[in-house]
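This report concerns only the one structure given below.
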Amino acid sequence: MSTEAIYSDHFGLTERPFTLQPDPSLLYWSRQHKRAFTILEYGIVSRAPITLITGEIGAGKTTLLQALIGRLEEGVTVGLISNAQGGRGELMQWVLNAFDIALPNDTTDYVQMFQAFVNFVVAEYAEGRRVVLVIDEAQNLSLEGLEEIRMLTNVNSNKDELLQLILVGQPELRDMVGQPEMRQLGQRVGASFHLGPMDAETTEEYVRHRLKLVGGTGDEFASDAFPAIAEKTGGVPRLVNKLCDLAMLYAWSDEQKVVDQKTVQAVLADGIFFTGSQEEGGNT
């Protein structure tokens, strides 16, 4: 069996429509995703010191980030950190690596690392460029780590924002930022949005949209398949992709050109569709 046999030969598609990896080229602009992206753009344009975007696992946050980075103008220098952890010094090393800032003799002295970053930001500003530091999965940082990141914005000593932060993470990130000891960070959040799940109607539009983008008609899934898809995935894009991909595999094995309710139910009955709550004991 090959993936080409499933998607190209059987369904007539140019590529696999449902994957678990973020793919901005297949992004479906639901109302929520449009609003989240608007907030991200507003944060950049308004020079907000900190922009905060949260959402459940698999809601599409990273895909939106990739879409934003792909559209930024040339006058913006972007550094991206994913899944950063560690204490004082280690986090600063993540920041330097994000911008390819090298230090003499690979020093790990915090003061020297911090000063090197400040020098970089000031130099970019002198060349007419702004620096944007994006931290994905920021909920993995400790409160001390968030405070350390917040202190980087102290470089903004005049009316212009030399450095902007975009913090993206799961819902607990919003709770962390809202804690009393984080009030200095919270006061610098100039734009924020929480990306929720898709409703049933949007879930159907999302599936048909992705099918059409890879050469399909959108009718590769029958209308009666969508209630179960929406219910079992909770409207979370990553879970929708996972269930739809398995359903297409089942349809291919049954030599069916259309995924219907019976196909989706067969996937669910066989117990091969796992969500985060089933696999890890937590929320999806």
Side-chain angles (χ1 to χ4, degrees), residues 21-22 24 40-54 61-169 173 176-177 182 184-192:
Q21 299 301 319
L40 281 168
E41 286 192 311
Y42 171 76
I44 296 293
V45 173
S46 67
R47 298 176 181 264
I50 301 175
T51 300
L52 177 67
I53 300 293
T54 56
K61 305 181 297 298
T62 300
T63 306
L64 282 176
L65 271 183
Q66 292 179 354
L68 175 72
I69 292 172
R71 296 188 184 190
L72 288 178
E73 57 191 26
E74 293 183 1
V76 180
T77 300
V78 180
L80 174 63
I81 299 175
S82 298
N83 295 305
Q85 300 182 45
R88 184 178 174 89
E90 287 183 275
L91 187 54
M92 196 66 235
Q93 189 64 62
W94 279 91
V95 173
L96 296 180
N97 290 342
F99 293 101
D100 293 324
I101 302 173
L103 293 178
N105 302 319
D106 295 324
T107 181
T108 58
D109 179 76
Y110 181 82
V111 174
Q112 292 187 46
M113 289 192 292
F114 184 84
Q115 189 58 52
F117 180 67
V118 171
N119 293 342
F120 169 78
V121 172
V122 172
E124 289 294 293
Y125 179 73
E127 294 293 330
R129 294 187 293 270
R130 285 180 291 136
V131 175
V132 176
L133 174 60
V134 181
I135 303 181
D136 198 5
E137 303 294 348
Q139 78 283 343
N140 291 331
L141 297 175
S142 63
L143 294 182
E144 292 76 14
L146 284 173
E147 174 61 13
E148 185 176 345
I149 289 296
R150 193 275 305 173
M151 290 181 65
L152 295 179
T153 62
N154 288 338
V155 70
N156 299 324
S157 58
N158 54 33
K159 66 179 181 178
D160 291 325
E161 296 293 339
L162 282 66
L163 171 67
Q164 294 177 259
L165 302 179
I166 297 178
L167 302 179
V168 181
L173 174 62
M176 294 168 68
V177 173
M182 290 287 103
Q184 290 190 71
L185 186 150
Q187 289 173 1
R188 297 194 184 188
V189 175
S192 67

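Side-chain atoms are counted along with the backbone in the values below, which use heavy atoms only and exclude waters and symmetry mates.
Among all heavy-atom pairs drawn from Tyr110 and Glu148, the shortest one is CE1-OE2, 3.1 Å. Closest of all the heavy-atom pairs between Leu91 and Gly145 is CD2-O, 3.4 Å. Thr63 and Pro22 get closest at one heavy-atom pair: OG1-CB, 3.4 Å. Here the closest heavy-atom approach between residue Gln139 and residue Val168 is recorded as OE1-O, 4.4 Å. Closest of all the heavy-atom pairs between Gly43 and Ala191 is CA-CB, 4.3 Å. Closest heavy-atom contact between Pro49 and Thr153: O-CG2, 4.4 Å.
Between the CG atom in Leu141 and the CD1 atom in Ile81 there is a gap of 8.0 Å [rounded to 0.5 Å]. Taken from CD1 in Ile135 to CG in Leu146, the straight-line distance is 8.0 Å, to the nearest 0.5 Å. We find the CD1-CG distance between Ile53 and Leu173 to be 10.5 Å, quoted to the nearest 0.5 Å. Note that CG of Leu40 is 10.0 Å distant from CG of Leu52, once rounded to the nearest 0.5 Å.
No option in Val132, Ile50, Ile69, Leu133 other than Val132 meets the side chain to side chain contact (heavy atoms under 4.5 Å, CB included) test with Ile166.
Considering only heavy atoms from C-beta on, Leu68 stays 4.5 Å or farther from Val78 through its side chain. The shortest side-chain heavy-atom distance between Lys61 and Leu64 does not fall under the 4.5 Å cut-off. Between Arg130 and Ile44, the closest side-chain pair of non-hydrogen atoms falls below 4.5 Å. When side chains are defined from C-beta on, Gln164 does not count as touching Asn156, because their heavy atoms never get closer than 4.5 Å. Using a 4.5 Å heavy-atom cutoff, the side chains of Met176 and Met182 are not in contact. Counting only heavy atoms from C-beta outward, the side chains of Leu162 and Val122 approach each other to under 4.5 Å.
Not counting sequence neighbours, Arg47 has no partner by the side-chain hydrogen bond (donor to acceptor under 3.5 Å, both in side chains) test. With sequence neighbours excluded, no residue satisfies side-chain hydrogen bond (donor to acceptor under 3.5 Å, both in side chains) with Asp109. Residues forming a side-chain hydrogen bond (donor to acceptor under 3.5 Å, both in side chains) with Ser192 (at least two apart in sequence, or on another chain): none. Remark: Phe120 pairs with Phe99 by the ring-ring contact (aromatic ring centres under 6.0 Å, His included) rule, at least two apart or across chains. In this structure, Thr51 has no side-chain hydrogen bond (donor to acceptor under 3.5 Å, both in side chains) partners at least two apart in sequence or on a different chain.
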How far apart are the C-alpha atoms of Leu152 and Met92, what are their side-chain angles, what is the distance that settles it, and do they pass the side-chain contact (heavy atoms from CB on, under 4.5 Å) test? CA-CA 10 Å; Leu152 295 179; Met92 196 66 235; 4.0 Å; yes

Walk me through it: do Leu167 and Val189 pass the test side-chain contact (heavy atoms from CB on, under 4.5 Å)? CA-CA 10 Å; Leu167 302 179; Val189 175; over 6 Å; no

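For residues 113-124, the pairs satisfying side-chain hydrogen bond (donor to acceptor under 3.5 Å, both in side chains) are Thr77-Glu124, Gln115-Asn119, Glu124-Arg129, with sequence neighbours left out. Residue pairs meeting the salt bridge (Lys or Arg N to Asp or Glu O under 4.0 Å) criterion with at least one member in residues 136-147, sequence neighbours excluded: Glu147-Arg150.
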